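Step one of this worksheet: look at the structure below.
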Amino acid sequence: MLQYLIILLDETSTSFCHYENANQERKLMPLDVLKEGVRFGMMENLMIQFVYPDYELPQAYQEVVESIDHSKIKPYGQEDADVLIVNGFQKVKADVPVVLRITKQELFVHQEEIAVMLGDVPRLNVVLTDVEAFAEADFETYKKVLAGLSSEVEKLYVDGKSPQLNLLTDRMMLSQMNNCGAGDTSITLAPNGKFYVCPAFYYENEADSIGDLEHGLGIKNKQLYKLEYAPICRHCDAWQCKRCVWLNCKTTLEVNTPSHEQCVVAHLERNASRELLRSIRQHGTFLPEREEIKEIDYLDPFDKRDTWQ
Amino acid sequence: MNSHELLLLYNSFVHLIMSGLKGLQGEWHEEASKNITFIVTKDCQLACKYCYLVGKNTKERMSWKTAKQAVDYILSCEKDMTEDSVIFDFIGGEPFLEISLIDRICDYLKMRMYELNHHWFNSYRFSFTTNGLNYDSPKVQQFIAKNDHHLSIVITIDGNKLKHNLNRIYKKDGKGSYDDVVKNIPLWLEQFPEFGTKVTISSADIPYIKESVLHLFGLGIHEVNINVVFENVWKEGDDKRFEEQLMQLADAIIDGGFYEDYVCSFYSENIGKPLDLVLENQNWCGAGMMLSIDALGNFYPCTRFAAYSLRSKKPIIIGNVRDGIDKNKLRPFLTLDRTTQSRQECIDCEVASGCAWCQGENYDAADTNTIYQRATAICKMHKARVRANNYYWNKLYRKLELEGMREEFEKSKPKSNDVIC
């Protein structure tokens with residue numbers, strides 16, 4: 001069921017996920033489109049997430065934004081954000097959740113600084129911008145990096161803090177799949193007044209729209225965005241995985257099928273979460289309502305497809 | 001001795017080995033075989049009206065360099081291609097237009113499988129579906145003699161002259177090809193008496209089904225594998241006309257006693273039943289488990305995903321002879337099941353078994369670029385087939401029971417293959 005409407009306020013609105021937005025030329029969404037988008041969100045009972053560019057919006061735009069309940073996704077350094085986006089590694093402090101968009105190499109190099117940042121932000125979402133480029137050696141390194149970060153998270157918990165790092169703590173807290181939901185629970189309105197599955201589909205190919213404000217939504221084969229129609233994912237318990245349908249499309253040509261790399265990365269995180277949960281529980285009662293995360297003998301559910309029946 | 005002479009010597013050596021092994025062939029595992037298709041040419045002498053190959057041309061012919069690269073790559077993947085046996089399929093267009101290239105590929109395959117001690121050595125087949133026009137040519141006949149015991153060749157003849165010539169016409173002048181094909185049928189049956197032919201039915205063919213199948217039986221072809229095209233070509237009332245033809249054919253087969261020695265794949269005891277959501281959830285089609293290679297050296301999950309087969313979609317290329325297979329591109333094919341790609345109507349269908357689909361046609365006809373949307377253009381035709389099929393078996397078994405022959409028939413009834421593409 002549709003719950004969220006993401007509105008890209010400008011052609012240069014910051015990326016907050018795996019995709020890149022290389023647009024340099026500022027071009028605001030026309031004000032009447034913004035008003036119509038907000039109206040659409042109200043009528044469809046959707047929670048709106050505004051994605052900002054790196055400059056201040058005109059007053060008239062700010063008034064429209066404030067006319068509806070919403071959250072603001074802004075580049076790091078801007079005021080009044082609900083989520084701040086950091087592109088490329090840098091040390092940050094904030095009192096709102098931070099999305100850190102970095103490459104795997106940046107993560108490997110800066111893991112200790114990232115561990116320190118966990119004490120300086122209420123929540124850190126690390127988004128790896130090159131998941132599809134992971135090689136076997138990278139998986140090994142990633143496993144070690146997650147183990148290192150896990151030790152730091154454990155120490156913070158022992159100290160009575162509650163750090164949140166999506167790669168490690170989300171899976172512990174979840175009892176079912178909690179994926180991105182693009183095309184299923186969320187859609188995106190682009191500055192051109194057209195709807196897209198997510199911002200990535202807009203920036204990749206503007207012709208790839210799924211409707212517009214005038215004619216409404218028309219998502220073809222929309223069932224394929226749902227978990228039940230994803231043969232690999234519906235057998236998976238790496239519940240924290242983004243299950244990025246854009247990466248799916250890019251790597252396997254199908255929105256419902258993740259790549260090997262996306263699966264292995266998600267399972268390394270899942271397994272690290274398992275170890276973290278066990279470690280924290282050695283210090284006392286922790287998340288008593290959550291069951292232990294099971295030990296499994298695979299990193300890619302695809303490899304177990306013969307047992308799915 | 002130069003490399004060409006060395007190859008010739010080696011070919012003689014391998015042929016000698018193979019000849020010596022007649023009767024001692026490695027065990028053949030049809031059910032556990034890998035299918036690898038070389039699209040050697042996109043040219044054909046014919047321009048069949050129902051042909052799904054919309055992009056046939058005379059330019060895209062596979063070079064020896066590409067073919068050799070493909071063989072080298074495939075045989076280097078023994079760890080990933082673990083099937084017990086292999087079928088090397090050669091298709092076109094018309095494959096026998098490139099018999100010299102095919103001969104060279106087959107020699108090289110045999111030589112390399114032997115040199116590598118590959119597990120497919122002596123558990124392989126070379127397979128062809130041909131229009132039969134140059135079947136009797138010296139080059140084709142030499143090839144057949146050389147590869148005896150490792151060949152599967154099917155000549156496509158569509159039925160009687162009227163039906164065959166309705167669709168299978170020459171590209172150059174639109175003339176029917178029946179006379180030029182039928183003259184080669186006796187030689188083919190002499191060499192491959194156990195093989196059947198393949199008949200394709202589109203809307204215009206429906207009135208000729210009964211006569212065509214009986215005609216093929218009359219030519220001595222004991223197995224007629226027949227299917228309706230998956231494309232959305234069907235007109236209002238076609239299902240009724242189709243059903244009537246199959247009923248008449250059922251009467252003719254039973255009343256004429258053909259059921260004892262002949263098989264028409266339209267009639268199968270396994271079709272027309274509901275399917276279990278879990279236990280019978282397999283994909284119908286083998287796309288993705290197969291591998292096709294075209295003249296450019298690109299790999300496809302099946303030939304139907306190559307550009308020349310597609311009306312409205314981009315090809316799905318899963319790799320090439322230089323870089324190998326991109327396994328991520330195979331994942332959607334290898335995890336595809338029946339229910340995920342089917343509409344609720346198909347999942348709930350009470351006569352679902354035997355209702356086939358072609359993954360390539362599904363993709364080509366889908367609303368988005370997906371293989372996960374099942375095309376249902378044949379729905380009414382399948383249901384008509386099921387009704388006629390029920391009639392056939394009810395009538396046949398009643399007859400056999402009255403004659404006290406049912407038990408004997410059950411033990412020795414001829415088997416058919418459910419050929420769908």
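The figures here come from the full heavy-atom set of this structure, side chains too, leaving out hydrogens, waters and symmetry mates. Owing to the predicted nature of the structure, the values given are computational and were not obtained by experimental measurement. Order of the sequence lines fixes the chain letters, A, B, ..., with proteins taken first and strands second; residue numbering starts at 1 for each chain.
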Kindly compute the distance separating [atom1] ([X]) from [atom2] ([Y]), expressed to the nearest 0.5 Å.
| X | Y | atom1 | atom2 | value |
| --- | --- | --- | --- | --- |
| Tyr363(B) | Glu254(A) | OH | CD | 8.5 Å |
| Gln373(B) | Lys220(A) | CD | NZ | 10.0 Å |
| Thr368(B) | Asp208(A) | OG1 | CG | 10.0 Å |
| Asp337(B) | Arg305(A) | CG | CZ | 13.0 Å |
| Asn369(B) | Leu253(A) | CG | CG | 8.5 Å |
| Glu228(A) | Thr339(B) | CD | OG1 | 11.5 Å |

If we only count heavy atoms from C-beta on, is the Asn328(B) to Glu261(A) side-chain gap below 4.5 Å?
yes
Could you tell me whether the side chain of Thr335(B) reaches within less than 4.5 Å of the side chain of Trp308(A), counting heavy atoms only?
yes
Sort Thr252(A) into side chain, backbone, both or neither according to what part of it lies under 4.5 angstrom from a heavy atom of chain B.
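For Thr252(A), backbone and side chain are both near chain B.
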Part of Asn248(A) lying under 4.5 Å from any heavy atom of chain B:
neither
Take atom [atom1] of [X] as the centre, draw a 6.0 Å sphere, and report whether it contains more than 12 heavy atoms from other residues, nucleotides or ligands.
| X | atom1 | result |
| --- | --- | --- |
| Phe139(A) | CZ | yes |
| Glu350(B) | CD | no |
| Asp367(B) | CG | yes |
| Lys194(A) | NZ | no |
| Lys380(B) | NZ | no |
| Lys222(A) | NZ | no |

Side chain, backbone, both or neither: which part of Ile318(B) has an atom under 4.5 Å from a heavy atom of chain A?
neither
Contacting moiety of Ile371(B), where chain A heavy atoms sit under 4.5 Å:
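Contact with chain A is through both the backbone and side chain of Ile371(B).
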Checking side-chain polar atoms at under 3.5 Å, does Thr251(A) have a donor or acceptor matched by the opposite partner on Arg331(B)?
no
Verify the distance criterion only: is there a donor paired with an acceptor across the side chains of Thr370(B) and Asn221(A) at less than 3.5 Å?
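Judged by distance alone, the side chains do not pair up.
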Give the minimum heavy-atom separation between Leu224(A) and Tyr372(B), together with the two atoms involved.
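Closest approach of Leu224(A) to Tyr372(B): CD2-CB, 3.7 Å.
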Please name all residues satisfying side chain to side chain contact (heavy atoms under 4.5 Å, CB included) with Asn125(A), sequence neighbours left out, ordered by chain then number.
Val99(A), Arg123(A), Asn166(A)
May I ask you to say whether Asp303(A) pairs ionically with Lys327(B), meaning some side-chain N is under 4.0 Å from a carboxylate O?
no
